[in-house]
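Residue numbers start from 1 in every chain, and the chains themselves are labelled A, B, ... in the order their sequence lines are given, proteins ahead of strands.
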Protein chains: 2
Amino acid sequence: MARDLRMSRMLHVLIHMDRHVGRATSEQIAQMISTNAVVVRRMMAGLRERGIVSSEKGHGGGWQLACPLAEISLLDVYEAVGHPPLFNIGPQADPSPCLVEQAVDARLDATLAEAETRLLAQFAAITVEEVAQDFERRFEESGHAVPFPWHGATGE
Amino acid sequence: MARDLRMSRMLHVLIHMDRHVGRATSEQIAQMISTNAVVVRRMMAGLRERGIVSSEKGHGGGWQLACPLAEISLLDVYEAVGHPPLFNIGPQADPSPCLVEQAVDARLDATLAEAETRLLAQFAAITVEEVAQDFERRFEESGHAVPFPWHGATGE
DNA sequence: AGACATGAAACTTTCATTGTTACGTGATTG
DNA sequence: CAATCACGTAACAATGAAAGTTTCATGTCT
């Protein structure tokens, strides 16, 4: 596939969950992001480990936010979905015996590492709550268009 | 494959070419970076279009630097190899009708775009010559170990 | 007991990059 | 002018990572 969508999808889901009464099942969440329930469980496992969401089995079970959106940063989400590699470019992983390649790799790695540090700092500075407010603003400006256009509107 | 290696490989090749007497064939270059001559031609095509290297056909043909390394920035190389996508994360390409997803995507795109701008500015500020000097430093510090350890040392 | 929902393993599909083969064109040499 | 060398390009195969899918086990509520 093109790129790793987990962080984007997770943010999307978290904001929906914040507006969802009661628990949401993996199946319902899967419909929100047009995917499969198993994919949802896979993504959410990391968030549960970090106490961002909780899950319950059985009748009436499903997923629930375990803390307010204001206390979740984009960095938390990024790490919770498995901190996938940020960059699509860069040197190959294994070191080379060629001194030229070593110099190139070191310079490139250092430049990318610095960019990564800055980007992750940005992620740390943004809460999911802020993104939710972005949504609210869009909702107001749209004249209250139907905000969640998936088929059955499962209880929101 | 894992990530796009073209920029890293191109830098590696450019520095070797700078130390190569006469023209280097695609086959020789391919051995430097452990790949295939066709892959080399594919990568170099963009550099030729930008006047960074030139190629000649036939006997004694091959590739040659067309300008000094000091006049080539990492950004030039990045663009010459086709400016591949920088990031491995981010929202999916096609826009969604869901306002929540729109807000998430917009915020993420903006954050990544800012990071991309800064990283490309860094690339613009670094010349291939600087990286070549990194190599020279390593070469000195290594006690003049064999710098290009591919089998036949094809004329360097 | 039966229905519901997560947990997790295993497998398939999809997509981008890289690797490979094959053939055409131009240039040099004998 | 024929052979060889080397690039130019198209077409196809291999590889690897993320996402999609199937399947079964486990736990929970009615």
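- Distance CD (B/Gln64) to P (D/dA6): 14 Å, rounded to an integer number of Å.
- DNA chain D lies under 4.0 Å from no heavy atom of any residue of residues 77-96 of chain B.
- With sequence neighbours excluded, no residue satisfies side chain to side chain contact (heavy atoms under 4.5 Å, CB included) with A/Ser34.
- Under the salt bridge (charged side-chain N to carboxylate O under 4.0 Å, His left out) criterion, B/Glu56 pairs with no residue at all, not counting sequence neighbours.
- Considering only side-chain N and O atoms, B/Thr35 lies under 4.0 angstrom from the phosphate OP1 or OP2 of C/dG19.
- One can place CD of A/Glu27 at 13 Å from P of D/dG20, the figure rounded to the nearest angstrom.
- Remark: A/Gln122 pairs with no residue by the side-chain hydrogen bond (donor to acceptor under 3.5 Å, both in side chains) rule, at least two apart or across chains.
- For the segment residues 46-55 of chain B, the set of residues with a heavy atom within less than 4.0 Å of an atom of DNA chain C is empty.
- Residues B/Arg42 and A/Ser34 both approach DNA chain D. Their nearest nucleotides, taken by heavy-atom distance, put B/Arg42 toward the 5′ side.
- At whole-Å resolution of the value, CD1 in A/Ile33 and P in D/dA18 are 16 Å apart.
- Dashed line: the shortest gap from a side-chain N or O of A/Ser26 to OP1 or OP2 of C/dT6 is under 4.0 Å.
- Between A/Val38 and A/Gly61, the residue anchored nearer the 5' end of DNA chain C, judged by the nucleotide with its closest heavy atom, is A/Gly61.
- The distance between atom CE of B/Met10 and atom P of C/dT17, rounded to the nearest whole Å, is 17 Å.
- Contacts of B/Arg6 with the nucleic acid, taken as non-hydrogen atoms under 4.0 Å apart, involve only primed sugar atoms and P, OP1 or OP2.
- A sub-4.0 Å separation between OP1 or OP2 of C/dT25 and a side-chain N or O of B/Arg41 is absent.
- Sorted by first and then second residue, the pairs that involve residues 86-118 of chain B and meet ring pair (Phe, Tyr, Trp, His ring centres under 6.0 Å), not counting sequence neighbours, are A/Phe87-B/Phe87.
- By the rule that hydrophobic residues join a cluster once side-chain heavy atoms approach within less than 4.5 Å of another member, A/Ile126 and A/Met7 end up as members of one cluster.
- Note: B/Phe139 and B/Phe135 have parallel aromatic rings, judged against thresholds of 30 and 60 degrees for the angle between ring planes.
- A/Pro84 is linked by a side chain to side chain contact (heavy atoms under 4.5 Å, CB included) to A/Asp4, A/Arg6, A/Tyr78, A/Val81, B/Ile89, counting only residues two or more places apart in sequence or in another chain.
- Atoms CE (B/Met7) and C1' (C/dT17) sit 17 Å apart, rounded to a whole Å.
- For an aromatic pair to be called close, the ring centres must be under 6.0 Å apart, and B/His16 with B/His20 fails this.
- With sequence neighbours left out, A/Asp76 forms a side-chain hydrogen bond (donor to acceptor under 3.5 Å, both in side chains) with A/Ser73.
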Could you go over nucleotides 28-30 of chain D and give all protein N or O partners under 3.5 Å, atom names and distances?
from	atom 1	to	atom 2	distance (Å)
D/dC29	O2	A/His59	ND1	3.3

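- Following rounding to the nearest Å, A/Arg3 (CZ) and D/dA19 (P) show an atom-to-atom distance of 12 Å.
- In this view, B/Ser26 and B/Ala37, B/Val40, B/Arg41, B/Trp63 satisfy the side chain to side chain contact (heavy atoms under 4.5 Å, CB included) rule, not counting sequence neighbours.
- Residue B/Asn36 is classed as a base contact, given a heavy-atom separation below 4.0 Å to a base.
- In this structure, CZ of B/Arg23 is placed 12 Å from P of C/dA27, rounded to the nearest angstrom.
- When rounded to the nearest whole Å, the span between CG of B/Asp4 and P of C/dC15 equals 19 Å.
- Helix bend of the helix from C/dA1-D/dT30 to C/dG30-D/dC1: the angle between its two end axes, each built from five pairs, comes to 10° after rounding to 10°.
- Every pair passing salt bridge (Lys or Arg N to Asp or Glu O under 4.0 Å) that includes a residue from residues 94-116 of chain B is listed here, sequence neighbours excluded: A/Glu130-B/Arg107, A/Asp134-B/Arg107, B/Glu114-B/Arg118.
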